Amino acid sequence: ILPAMSAHTHLANLPTLITLLRLALVPVVITMIVQPKWGLAFVLFVIAGVSDAIDGWLAKRLDLRSELGAWLDPLADKALLVSIYIALAITGVIPAFIAILVVSRDIMIIAGVLVAVLLDRPLPIKPLWVSKINTTVQIAFASAVLAAKAFDLPLSLWFEGSVWIVAALTLLSAGAYVRQWLRHMES
């Protein structure tokens, strides 16, 4: 006879399942950008964003956090955001240099974490305030570009300034992580 399962047990994996579905959306969104099916790309990006909010709320509010979810959630977020920047650059919608900055920053952070682990100096992984602002601005910019393409709106004055804001915040965030990493490795 199987033990009775509580509602909490049934829900325990729900945030992780939502995260996995968001991760599965990545190639679909990229395909929609490349085809170009801008309306669908925008809708799927919004769904991914809403799913991120829902899985985070469920994990925190109902105490459904898991170690797997803690690893998969930021991975899904980064996979989606980095992929969108790459796809938008490849399709010529955004300048290539901005995608290169976004991708390089994330590769640099991952490399720094790996080097610290290999040198037996693991560091706690906590997002910095500048990184949170950077991610928010990167998401807002990608959303605005996708919305403009979906609704056939011009990429006007806001676009050029936004590119430089994203670039500056990405560099500032990268610099803050390098500084934090150097302090950790020297201590």
Side-chain angles (χ1 to χ4, degrees), residues 13-59 66 68-111 113-114 127 131-174 177:
N13 294 319
L14 187 57
T16 301
L17 179 61
I18 293 169
T19 299
L20 286 170
L21 291 172
R22 186 168 68 256
L23 195 53
L25 276 178
V26 172
V28 180
V29 172
I30 301 317
T31 301
M32 295 304 104
I33 290 172
V34 172
Q35 284 193 351
K37 295 186 178 177
W38 296 109
L40 197 49
F42 175 68
V43 167
L44 291 173
F45 185 70
V46 169
I47 289 170
V50 170
S51 78
D52 188 28
I54 290 170
D55 71 35
W57 182 85
L58 287 170
S66 70
L68 178 60
W71 281 94
L72 284 179
D73 187 66
L75 174 68
D77 295 344
K78 282 300 171 188
L80 181 64
L81 197 56
V82 164
S83 297
I84 284 175
Y85 272 80
I86 292 169
L88 290 172
I90 288 172
T91 56
V93 176
I94 66 172
F97 86 88
I98 198 70
I100 292 167
L101 280 177
V102 169
V103 173
S104 297
R105 175 196 164 272
D106 288 344
I107 290 171
M108 181 210 63
I109 291 170
I110 292 167
V113 169
L114 290 175
S131 177
K132 290 179 181 183
I133 293 168
N134 177 54
T135 299
T136 300
V137 171
Q138 286 179 358
I139 291 168
F141 177 69
S143 299
V145 169
L146 288 173
K149 297 300 280 181
F151 298 106
D152 202 26
L153 301 171
L155 295 175
S156 56
L157 295 175
W158 67 268
F159 180 79
E160 188 71 28
S162 297
V163 165
W164 292 108
I165 291 169
V166 170
L169 284 170
T170 301
L171 289 169
L172 192 61
S173 174
Y177 276 114

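Quick caveat: nothing in here was measured; it's all calculated off a predicted structure.
With rounding to the nearest 0.5 Å, the separation of CG in Leu21 from CG in Leu17 is 4.5 Å. The distance from atom CD1 of Ile109 to atom OG of Ser173, rounded to the nearest 0.5 Å, is 5.5 Å. Between atom CD of residue Gln138 and atom CD1 of residue Ile98 there is a gap of 7.5 Å, rounded to the nearest 0.5 Å. Interatomic distance, CG of Leu75 versus CG of Leu68, reported as 10.0 Å (0.5 Å rounding).
For Val26 against Ala79, the heavy-atom pair with the smallest separation is CG1-O, 3.9 Å. Considering all non-hydrogen atoms of both residues, Ala76 and Leu23 come closest at CA-CD1, 3.7 Å. In terms of heavy atoms, Lys132 sits closest to Pro127 at CE-CG, 3.9 Å. Contact between Ser51 and Ala48 at its shortest, heavy atoms only, is OG-O, 2.8 Å. For the residue pair Gly39 and Ala150, the shortest heavy atom distance occurs at CA-CB, 3.7 Å. Looking at every heavy atom in both residues, Ile84 comes nearest to Ala142 through CG2-CB, 4.1 Å.
Residue pairs satisfying the ring-ring contact (aromatic ring centres under 6.0 Å, His included) criterion with at least one member in residues 88-110, sequence neighbours excluded, are listed as follows: Phe97-Trp164. Each salt bridge (charged side-chain N to carboxylate O under 4.0 Å, His left out) pair with one or both residues in residues 82-91, not counting sequence neighbours, would appear here, but there are none. Pairs engaging residues 18-54 under the ring-ring contact (aromatic ring centres under 6.0 Å, His included) rule: Phe42-Phe151 [sequence neighbours left out]. The salt bridge (charged side-chain N to carboxylate O under 4.0 Å, His left out) analysis of residues 145-155, with sequence neighbours excluded, yields no pairs.
Remark: Trp158 CH2 is packed, more than 12 non-hydrogen atoms of other residues, nucleotides or ligands lying under 6.0 Å away. Remark: Leu157 CG is loosely packed, at most 12 non-hydrogen atoms of other residues, nucleotides or ligands lying under 6.0 Å away.
With sequence neighbours excluded, the residues forming a salt bridge (charged side-chain N to carboxylate O under 4.0 Å, His left out) with Arg22 are Asp52, Asp55, Asp73, Asp77, listed by chain and number. With sequence neighbours excluded, the residues satisfying salt bridge (charged side-chain N to carboxylate O under 4.0 Å, His left out) with Lys78 are Asp106.
Counting only heavy atoms from C-beta outward, the side chains of Tyr85 and Val166 approach each other to under 4.5 Å.
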